[in-house]
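Okay, so here's the structure we're looking at.
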Amino acid sequence: FPIRSSASMLLRQTAVVWLLLLFVQYHPSIATATLRGNNHAAPLPPLGWRSWNAFHGNINQQIMQDMMAAMADRSRKVNGEYKSLADIGYLHVGLDDYWQECGAGINGSFHTKTGQPIINKKLFPDMAGMVKYGKDRGLKPGWYMNNCHCHEHLKPNWPPQMHGDTHAILSFGFDGVKIDGCGPSHNLTEWYDLLNGGGHSIMIENCHDNTTFPFWMNKEKTDLNCPMNMWRVSSDIQANWRIIMSNLQHTIPFQDPTHPISQPNCWAYPDMLEVANGRLTYEESRSHFGAWCVVSSPLILGFNLSDSQKMDQVWDIITNTDALGVSQTWAGHPGRLVAKAEKTWNHLPIWEIWCKKLHSGAQACLVVNIGENKMTIKVDFTQIGFSGKVHAYDIWAHKSAGTFQGETSVDLASHDSVFWKLTAL
């Protein structure tokens, strides 16, 4: 994929913005909390890719650059036109763990005595060059700190280490960082202040740093302390249907009807997507993707983008602009659980209905069969908020699903779903 000139890059980024505006509606005038200690780097749920789910510790600079090239590849069509993942908004590309030279620093760490992180040059010979490679393709490279592999035993919140990591992130030109909970530095407010000083705007993911979660600063719930842009609400995800659906449940505490903590620039995150990974079926991948869209989770892909067979299998899922439109719309609430079965399977309801408010009174609703058997699920439109006739647009099929009033029923195979945009008539 050719490296673009600065002028053509500007034109491309402008085109991306206009493309998103065709199906993304963000209205800052809709009431949200005042965020304290937040750089407003993620007004909409971030879209992108990270290395861990696909490669774990088997990662290097060449693989990262191959993934960046794949994100910018325009050999497939979206809505009849040749477009790349980057063209439709998947801009964040993150390197996870295993970039460091374990044991090369002080006290068996991977930091020098002045706090500079030591990179494994055999795996990543030119970190700045890798970042530039991504930026030249219109992407936003992200890094990873407080590492879990060969995690360190330095002094907690040791200033040289935090300053050294910050200097490396900024000097290499990274646009974001994932801060895990295994290393010694757990002060997210300090991380935020260091990373975003001097006019920088670095997107911050809080991954398992349980000492700093967003919290309300006043009883009226109008001031939200959130020194991060997205935060993990669950355990690590796996390419396993039960675990995926279990992680989804962990978003519920942050979906208060009137004062949701999950909101623009401060998104609740049930972990990276496992779409196309392991032995997930097409229906499981699609339901998984729809669930993350309807609760406004960041959409971070995690499969090998160079695997053309996998890409072909899920291309229509991850490039479904109707589903992405649900994800990328903010109308005052991130999405919530509306109804669920009393009967359970593996401690989960056998079915659930999740809905998210859209503009002009519309709502997106995902009806998902979590259980192991085919079933008929009743949808009560009054529970969702519609008292009269409602039109259902099928997001998966890109066509009308009909007009209903009161209630209807849907037949779903195991782990399958229907995803509707509902509009009052």
Side-chain angles (χ1 to χ4, degrees), residues 1 23 45-56 58-59 63-94 96 139 236-245 247-248 270-294 297-328 366-370 372 374 394-399 412-419:
F1 197 89
F23 64 92
L47 277 62
W49 178 91
R50 258 194 178 274
S51 62
W52 184 257
N53 286 358
F55 298 105
H56 298 279
N58 300 313
I59 192 68
I63 291 175
M64 286 298 299
Q65 292 182 182
D66 288 345
M67 297 304 104
M68 292 170 177
M71 292 177 75
D73 175 68
R74 291 197 178 110
S75 64
R76 292 176 174 82
K77 291 184 177 181
V78 179
N79 298 338
E81 297 182 16
Y82 286 103
K83 293 188 182 297
S84 68
L85 290 173
D87 288 330
I88 62 169
Y90 289 93
L91 298 177
H92 297 277
V93 53
D96 247 75
L139 303 174
D236 289 347
I237 201 167
Q238 298 178 34
N240 173 284
W241 175 251
R242 182 190 61 79
I243 292 173
I244 290 168
M245 287 294 103
N247 277 25
L248 175 64
D271 208 354
M272 297 167 282
L273 291 162
E274 288 283 13
V275 169
N277 281 337
R279 302 179 66 179
L280 291 184
T281 66
Y282 175 86
E283 289 76 17
E284 288 171 338
S285 284
R286 185 173 67 173
S287 296
H288 173 22
F289 188 79
W292 264 230
C293 287
V294 83
S297 167
L299 301 177
I300 308 301
L301 301 171
F303 68 95
N304 183 348
L305 302 179
S306 294
D307 187 327
S308 59
Q309 183 177 4
K310 284 189 174 183
M311 186 70 87
D312 288 340
Q313 288 172 351
V314 299
W315 181 255
D316 69 316
I317 297 174
I318 64 176
T319 64
N320 184 322
T321 52
D322 290 325
L324 290 172
V326 172
S327 162
Q328 301 291 284
L366 183 83
V367 185
V368 57
N369 178 356
I370 297 175
E372 288 291 273
K374 180 179 179 180
D394 189 330
I395 289 173
W396 294 148
H398 306 289
K399 65 180 183 180
L412 287 176
S414 176
H415 305 174
D416 203 358
S417 60
V418 294
F419 200 7

Donor-acceptor contact below 3.5 Å, side chain [X] vs main chain [Y]:
X    : Y    : answer
T321 : L324 : no
N369 : L412 : yes
D73  : A70  : no
E284 : T281 : yes
Y90  : I318 : yes

Under 3.5 Å, which donor-acceptor pairs link side chains of residues 300-307 to any protein atom two or more places apart or in another chain?
unit_1 : atom_1 : unit_2 : atom_2 : d
N304   : OD1    : S306   : N      : 2.9
D307   : OD1    : Q309   : N      : 3.1
D307   : OD1    : K310   : N      : 3.1

To the closest 0.5 Å, what do you measure between [atom1] ([X]) and [atom2] ([Y])?
X    : Y    : atom1 : atom2 : value
E274 : D271 : CD    : CG    : 7.5 Å
N247 : D236 : CG    : CG    : 8.5 Å
N58  : H56  : CG    : NE2   : 8.5 Å
M68  : D66  : CE    : CG    : 10.5 Å
S75  : K83  : OG    : NZ    : 14.0 Å
S297 : L248 : OG    : CG    : 9.0 Å

Using a 4.5 Å cut-off on heavy atoms from C-beta on, say whether the side chain of [Y] contacts that of [X].
X    : Y    : value
I244 : Q238 : no
M272 : W52  : yes
K374 : S414 : no
L47  : P298 : no
M67  : F55  : yes
F419 : V326 : yes
L85  : M311 : yes
V314 : F289 : no

With sequence neighbours left out, the residues meeting ring-ring contact (aromatic ring centres under 6.0 Å, His included) with H288 are W292

Apply the test side-chain contact (heavy atoms from CB on, under 4.5 Å) to residues D312 and R76: give CA-CA distance (whole Å), side-chain angles for both, the deciding distance (0.1 Å), then the verdict.
CA-CA 9 Å; D312 288 340; R76 292 176 174 82; 2.9 Å; yes

Nearest heavy-atom approach of A276 to S285 is N-OG, 3.1 Å

For S327 and L299 the tightest heavy-atom approach is OG-CD1, 3.6 Å

Taking side chain to side chain donor-acceptor pair (under 3.5 Å) as the test, write out the residues that go with [X], two or more places apart.
X    : answer
Y282 : D316
E372 : H415
R242 : none
S417 : S287, W396

Start with the C-alpha gap between W49 and S51, add the side-chain angles, then the distance that decides, and say whether side-chain contact (heavy atoms from CB on, under 4.5 Å) holds. CA-CA 7 Å; W49 178 91; S51 62; 3.6 Å; yes

request  = Please test D96 against R50 for salt bridge (Lys or Arg N to Asp or Glu O under 4.0 Å), starting from the C-alpha separation and ending with a verdict.
outcome  = CA-CA 7 Å; D96 247 75; R50 258 194 178 274; 2.9 Å; yes

Check this for me: does any side-chain nitrogen of one of R286 and D416 sit under 4.0 Å from a carboxylate oxygen of the other?
yes

task: Decide yes or no on side-chain contact (heavy atoms from CB on, under 4.5 Å) for Y82 and D87, but give the supporting numbers first.
output: CA-CA 10 Å; Y82 286 103; D87 288 330; over 6 Å; no

Q.
I'd like to know whether I59 forms a side-chain contact (heavy atoms from CB on, under 4.5 Å) with M64, so could you lay out the CA-CA distance, the side-chain angles of the two residues, the decisive distance to 0.1 Å, and finally the verdict.
A. CA-CA 7 Å; I59 192 68; M64 286 298 299; 4.0 Å; yes

